[in-house]
Structures are given as C-alpha cells and as structure tokens.
Amino acid sequence: MTRMKSIGAAFAAILLSSVAAHAGDVRIMWYSDGGEGEVIKDLLSRFSKANPDVNVILDEVSYDVVKEQLPVQLEAGQGPDIARVTNLKAPAQHWLDLRPYLTDAKYWDDNFGAQADWMHPDGSNAITGFMTQLTLTGGFVNKTLFEQAGVEIPGPKATWDDWAAAAKKVADSQKVFAMAIDRSGHRVSGPNISYGANYIAADGKPAPIDQGAKDFLSRFVKWNEDGTINKDVWVSAAGTTYRSAAEDFINGGLAYLYSGSWQVSGFAQKIGDNFDWVMAGSPCGSVACSGMQGGAGLVAVKYTKNPKDVAKVMDYLAGADVQKEFAERSLFIPAHKGVAAGQMDFKTDNPHVQAALKAFVEAAGQTAAPAMKLPGWKWSDAYYSAIVARISQVIAGEMKLDDAYARIDEDIKAKVAGN
C-alpha cells in the first residue's frame, strides 16, 4: 500500500531521513517558507495513486535541519533520497546524476538547463535536480506604517542610506522597529555587491573581503548599534544559524524588511488585510542596486538505494503541468523555462501578491554581474557562513569590526584548505 507521511518534528525527521530506504521507498526531506508544503503533499498524493509500487515518504522539517543536519548526514554517506536545499553547489558531489535514469534528459536540459550549473560539480553535465522556484532578494515595506507616519516611501533609485533614514523616521513615529535583514550571509551579499564587493578571485577561489563589502557591512553594524536595525535578528542565534525577520514584519512591528520573493506566499496568508505592504526592489549602493538571485532546488541524493524510483518521482515533479500548478499555487516565480514563458495564473486575489511578484520579476533585471556568478560558485556558502558568524559577534559586542574582517578571511581559507 502506498503511503505518504508528513512529519513536523524536526528531530524525528533527522532520524527518519538517515534510515536506509527499502525497495520502492523514496524519502523526501522538505522544508517550506510558506504554503508550498501543502501543495507538494497534494501533488505527491496524485503520484502515489498512479504509482502504487513507489512508496513516497515526505519528511517536513525546518530550514535549520536542512542547513545544519543534512550536510552531516551526507558526509556520512547517508541522508534522504531527495532533498529540498538552497546550498546547491558546495555539496554537489553528494547529488545523484539522474541523466541515465530519466525518461527524456533533453527535456530537462531544455527547461532547467539555465540553472543546472548551480547544482552539479564543475565541469559536469550531470542532471541532479531542478529549482523548485527562482528567487530574488528584495525589500518589503509596511506601506500603512509609512502613511501613518507621514513619511514618503523612497523611490526606485533610493540608496541604503535613504531607506535607513526614512525607516527610522517611521519607527520613531510609530514606535516600531525601523529595519531588519534576515540573519543570512546570502541576504547581505546583494547589498555588499551593490557597494562594489566581489567575492571571487581571478583563480576562482575566494578573494579576501574587499572595500565594497566593508562599505556596506560597516553601515550594517552601525545601524544595529544605533537601533535603526533590530539587532535581535542577528544576535539571538549562534554560529551560522539562519533567522528570518519575516515574523516581525508580519506582526506589523517593522517598517522595512530585506528578505526575498519566497516570503510572498507566507505574507499573503498571514498578513491578510491587516496592513498594506509592497515590494520595493533592492536599495542602491555606490555601484549597483542589486539583489541576489537563487532559489531552492530539489536534488536527488546519490546514496539512494532506489535511483530508478527517485528518477520516476523527479520526472513527475518536473513535468510542465505539475511545475505550472506548483508555481501558481505556491505563488513562486517558476524555474521551468517553458512554464515561465507562458501565461501564469497565480492562485490569489490578493493585490499585494500580484504586484509583488511583478516587481520581483522586474527587479531581476538589475542583478549585478558578480551576484549572478554566486549561485553556481562552489565557495558561496563558505563566504556567507563566515560573514554571518563574525558580523554577528561584532553586533553582539564580542569582536571589533576590523578583527571580524580578518577572521572572515581566515574562516574562508580554512574551509578551502579542508576541501
């Protein structure tokens, strides 16, 4: 009998996902940002009915489990059969090449080829999975708070300094926090690049942290220290642990949030008509107004005992009709080339959502060249992790900023040397 389990407890999922699969089992480790978990369960239930010989088990976990626990499992030669991940390139040696098992590899090349390099080893033509959606970082504005404070929302070419000043005026008037940025090295990398940062050296290895990155990170630290930014977001967690500031925005306690397009679905569900919100692109630095492109990929894990069944599930989920429905119901920007080129009917009557998705698509055209290289660069996550760990220590008062820059370089060098 086919079955599909949804497990909310992260610890249980960790244990389950490290158990060796039996014949016909396909175990998927899945995290959600918004309502996409319910959508994937519905889609997989249809697959299970049509394929009673394949036992699909969906383990729903927190993002922290994927970020912190999955790499440990992979290094031990274990893990689920399929996983939804955002760190795609660095662990690519653990992904399964689906090409020999797929019904039509050319279909995958044609529709998912643009992002294939993000998730396979350098120099490989392996098909290891597909992007469940394309994402872009950007700012969200509580329009209602700005209006109540009588503060004009900055325009499309406004700088980070402009936004900080405007949000601080709103905060002082409305007794809320002015700004927050997700606790993520990825999230501050768009702003860094907007001030001229380039993480990649001429030889393809990580470059030392440069003046461009320092120009933004020094601002970021200052805003945390003077109360412009809610410092709890970055000091309430340890190490490289991810923390979103989305709940602060949803609760109406934040004038400006810098996060990304994956939040749109959750905002639609949780904010409702409590207040008006808009997406406002990425603020400008001295050289660009860039966000970071990326997304979550669904990848096959090479330690599976059932590669043919894994490929069967992946083929189903990669189908154009399934991809279209998933994007429309999840309110995601589709990664499937054919679907993206067609007409999308996002399943919402929320005008904020429609406007936000349109704005994200338009903002994607402003992504700076250095940012475009990072999703397919092996050392991106090492760079992001070092920034989060050390800048958090500065904000917490445990380290001077100049010392943090030196430690970031040392952390990244150690990571490169260990691989």
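Salt bridge Lys222/Glu225: absent, no basic N to carboxylate O contact under 4.0 Å. Between Arg219 and Asp161, at least one side-chain nitrogen of the basic residue sits less than 4.0 Å from a carboxylate oxygen of the acidic one, meeting the salt-bridge criterion. Comment: Asp110 does not engage Lys337 in a salt bridge, judged by the lack of any side-chain N to carboxylate O separation of less than 4.0 angstrom. We find that Asp81 and Lys302 are not joined by a salt bridge, their nearest charged nitrogen and carboxylate oxygen being 4.0 Å or further apart.
Other residues, nucleotides and ligands contribute over 12 non-hydrogen atoms within 6.0 Å of the CG atom of Asp104. The 12-atom threshold is exceeded at NZ of Lys214, counting heavy atoms of other residues, nucleotides or ligands nearer than 6.0 Å.
Identified under the ring-ring contact (aromatic ring centres under 6.0 Å, His included) test for residues 45-87, with sequence neighbours left out: Tyr31-Tyr63, Phe47-Tyr316, Tyr63-Tyr242.
Contact check for Asp25 versus Ile57: side-chain heavy atoms found under the 4.5 Å cut-off.
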* Begin from the C-alpha positions of His336 and Tyr107 and carry the test ring-ring contact (aromatic ring centres under 6.0 Å, His included) through to its verdict. => CA-CA 10 Å; His336 185 290; Tyr107 166 86; 5.7 Å; yes
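Ring-plane geometry between Tyr384 and Tyr199 is classed as perpendicular, the angle between the planes exceeding 60 degrees on a 0 to 90 degree scale with a lower cut at 30.
Tyr258 pairs in a ring pair (Phe, Tyr, Trp, His ring centres under 6.0 Å) with only one of the listed residues (Phe220, Trp160, Trp163), which is Trp160.
A search for side-chain hydrogen bond (donor to acceptor under 3.5 Å, both in side chains) contacts involving Glu328 returns Lys324, not counting sequence neighbours. In this view, Asp381 satisfies the salt bridge (Lys or Arg N to Asp or Glu O under 4.0 Å) rule with no residue, not counting sequence neighbours.
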